[in-house]
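Remarks on the structure that follows.
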2 protein chains.
Amino acid sequence: MKTTIKDIAQATGLSPATVSLVLNNRPSRISDATRERVLAAAAELGYRSNSAAVSLRTGRSYSLGLIVPDIRNDYYATYAKGMEDACQEMGWSLILCSTNGNPERERQYIETLQAKSIDGIAVVTTPPLTGTQSFEANRDLILRMQIPLVQMDLTGYREPINAVVCDHEKGGYMATRHLISLGHQKIAFITGPSSLEGSSSRLKGCMRAFHDYGLPWDDKMLYEGDYTYAAGLDGIDYLSDRDFTAVFAFNDLMAYGVYNGLAKYSLSVPEDVSVVGYDDHFLSSIISVPLTTIRQPIYEMGKEAARILIYKTEHPDTKPVITWFDLKLIVRKSTRKIC
Amino acid sequence: MKTTIKDIAQATGLSPATVSLVLNNRPSRISDATRERVLAAAAELGYRSNSAAVSLRTGRSYSLGLIVPDIRNDYYATYAKGMEDACQEMGWSLILCSTNGNPERERQYIETLQAKSIDGIAVVTTPPLTGTQSFEANRDLILRMQIPLVQMDLTGYREPINAVVCDHEKGGYMATRHLISLGHQKIAFITGPSSLEGSSSRLKGCMRAFHDYGLPWDDKMLYEGDYTYAAGLDGIDYLSDRDFTAVFAFNDLMAYGVYNGLAKYSLSVPEDVSVVGYDDHFLSSIISVPLTTIRQPIYEMGKEAARILIYKTEHPDTKPVITWFDLKLIVRKSTRKIC
DNA sequence: TCACAGAGATAAATCGTTTTATCATCAGCG
DNA sequence: CGCTGATGATAAAACGATTTATCTCTGTGA
């Protein structure tokens, strides 16, 4: 039988109220002697509070929800791990919600989370699938529920909102500048969905780099992918009749697709084509031709997301927090100088 | 303000008891008219039950816990996704516990989960780190708490226990036989920790294949890894002065290490050395030399694990369930015939 | 001696459900 | 008319913690 607060009260001859006060370290006038007595009994009986009871009474659950499209994707898994570690440090729990990019399922999850008195929700926005509405509606749902929300990137939402963010325009700029500085002038771009802020920012950065270095921009060198491996392959097929010496893929997974797409046309990396990715997936340093890429500190961003949410539950009426993270160009073997 | 069962009672002029009975579809004598009235009001007011209250009253939470060493590892992430999908189908939730292979942290998690009245726990055993105790103690803890537990593989536990299992001896046999049938006789093995059942079974299978085909077994061709990428690299370093034409790595991650380890010695796959992996990691079909491997249906096993746990909460006093899954040899480009 | 001010501890209400024993009503029947 | 048995619905007690107003001391100073 699990020990309750009553058992401790009984064991010490005190009241449940006193026990609760001590166990929660509430400001109150409990003598040190009593305090000791309670703590001793609690340890003795191996007491652990029943979180259902606590939740019911306080309306809080000391748990956060994480909504991601697919936990198998290293990008989201890393974010999850960051949040999880931060939660663990504070004695909180993380509820995992993997939506397969389905907004309807996303909505169901949000309602389940609310029913669980979840204290905060972190969302990594789903690239909108064809024929489905975007995350907008679900975001409003969360906000109406008054549940603290933290987003990855700003995703075009213009109201102030909690978020962990990288300056993707700068990221796009850095990647492009790197290629230009190696002598590349004919660069192909495999982007993400233009509806995602992170993707359109990157693209802006690319264009700015072209402008700064006086290169002519050409929309024909663009292929809009959806951040999947397959999109990388398809992109190369699409671009196969164009003339380019470098490819910038907007994430590493698509860059892997590019690798294999190029192989199909007997082009090798970096001899024939230089490739830059984005994210620094854990495999990028491992694969046969290690990938030059822009590193996002996803793990740290996950940690920060959890911290923001936990902070928000303690200080509900504070202004939205936006934490910026630095991107870093990691030069490996997939890019090389040309004449 | 959230709608409660009382609000519905008020709105319909009925009692909370009636409302609860209807909403939970309890066997009772409620007239169809009343039933309709309750359902209508519930829909109208957008009622969702408060799970803290339900948990407190019933001692159940409709959530499962998943304990894995590292969610970033595709193997565990796939398992997680399987469980998550099964949970979602039934309206349950999944609480993620990533332990970094630390048994102490594992223990903390188990206690947190109990405090949350978790209905079941799935564990993928942590390879014991040096200087730490194994999962044994924590398993006993869970069992003492009377929480349904389902394991991945049997891990040497001889009492009957819920588990999802592959016949790894057969897996080891299949991989080895494949290499032998291609003409390989000098085969190196990079195993997992011998304390893990899955690993020692594979090894048994390898030895049986050698025996069946009349080949001499040599313990010197063995390197005990720990299922990490680095162990693959180290294994090749360790084996570098041996004479072999093929390597069987006990998981794909180590096989990737083997790839790069071999490259260091200017050996190429499959021309100089054939490589077989185990698991069928999602990258194995993607990498430049696609990996021949033994596929475990991890996703399905995760689904089944969740199903077993949910079943167990409904039928507590049934015998332990062990579900077996088939392994499959996936032949790709990393193995070739030799003379 | 009495009023009073802390200090220390507690009684009791409350959170939202579930569940069992009980209650009211009414039809049917001898 | 009074009794029995369904039938339909409810009252009320949990579950385990939190929290606020309240209670009882004790010692102090007038």
Would you mind classifying the nucleic acid contact of B:S28 as base, sugar-phosphate or nothing, using non-hydrogen atoms under 4.0 angstrom?
nothing

Determine, for B:Y62 and B:R60, whether the Lys NZ or Arg CZ falls below 6.0 Å from the six-membered ring centre while staying within 45 degrees of the axis.
yes

If we ignore angles and hydrogens, is there a donor and acceptor under 3.5 Å between the side chains of B:D7 and B:Y47?
no

Could you encode protein contacts along nucleotides 17-27 of chain C as a string, one character per nucleotide from 5' to 3', using B for base contact, S for sugar-phosphate-only contact and - for no contact, with a heavy-atom cut-off of under 4.0 Å?
BBB--------

In whole Å, I'd like the distance from the NZ atom of A:K116 to the C1' atom of C:dG16.
15 Å

Establish, yes or no, whether the cationic atom of A:R107 lies under 6.0 Å from the six-membered ring centre of A:Y109 and within 45° of the ring axis.
no

Axis deviation across the helix from C:dT1-D:dA30 to C:dG30-D:dC1, five-pair ends, to the nearest 10°:
80°

Nearest-angstrom distance from the residue atom CG of B:D32 to P of D:dG8:
9 Å

Can you find a side chain N or O atom of A:S55 that sits less than 4.0 Å from OP1 or OP2 on C:dC15?
no

Here the distance between atom C1' of C:dG16 and atom CD of B:Q10, to the nearest Å, is 14 Å

A:S117 (side chain) donor-acceptor with A:S55 (main chain) under 3.5 angstrom:
no

Would you say the side-chain atoms of A:K116 and B:S63 include a donor-acceptor pair closer than 3.5 Å?
yes

Between A:Q114 (CD) and C:dG16 (C1'), how many Å, whole number?
14 Å

Atom-to-atom span, CZ of A:R60 to P of D:dA17 - whole angstrom:
17 Å

Do you see a donor-acceptor pair shorter than 3.5 Å between the side chains of B:R37 and B:T12?
no

Under 3.5 Å side-chain donor-acceptor pair for A:T99 and A:R105
no

Do the side chain of B:N162 and the main chain of B:L149 share a donor and acceptor less than 3.5 angstrom apart?
yes

A:I30 CD1 to C:dG6 C1', in whole Å, measures 15 Å

Whole-Å distance between D:dG16 C1' and A:I8 CD1?
12 Å

Check whether B:K303 reaches the backbone of B:E84 with its side chain - one donor and one acceptor, N or O, closer than 3.5 Å.
no

Given atom CZ of B:R35 and atom C1' of D:dG8, what is their separation to the nearest angstrom?
12 Å

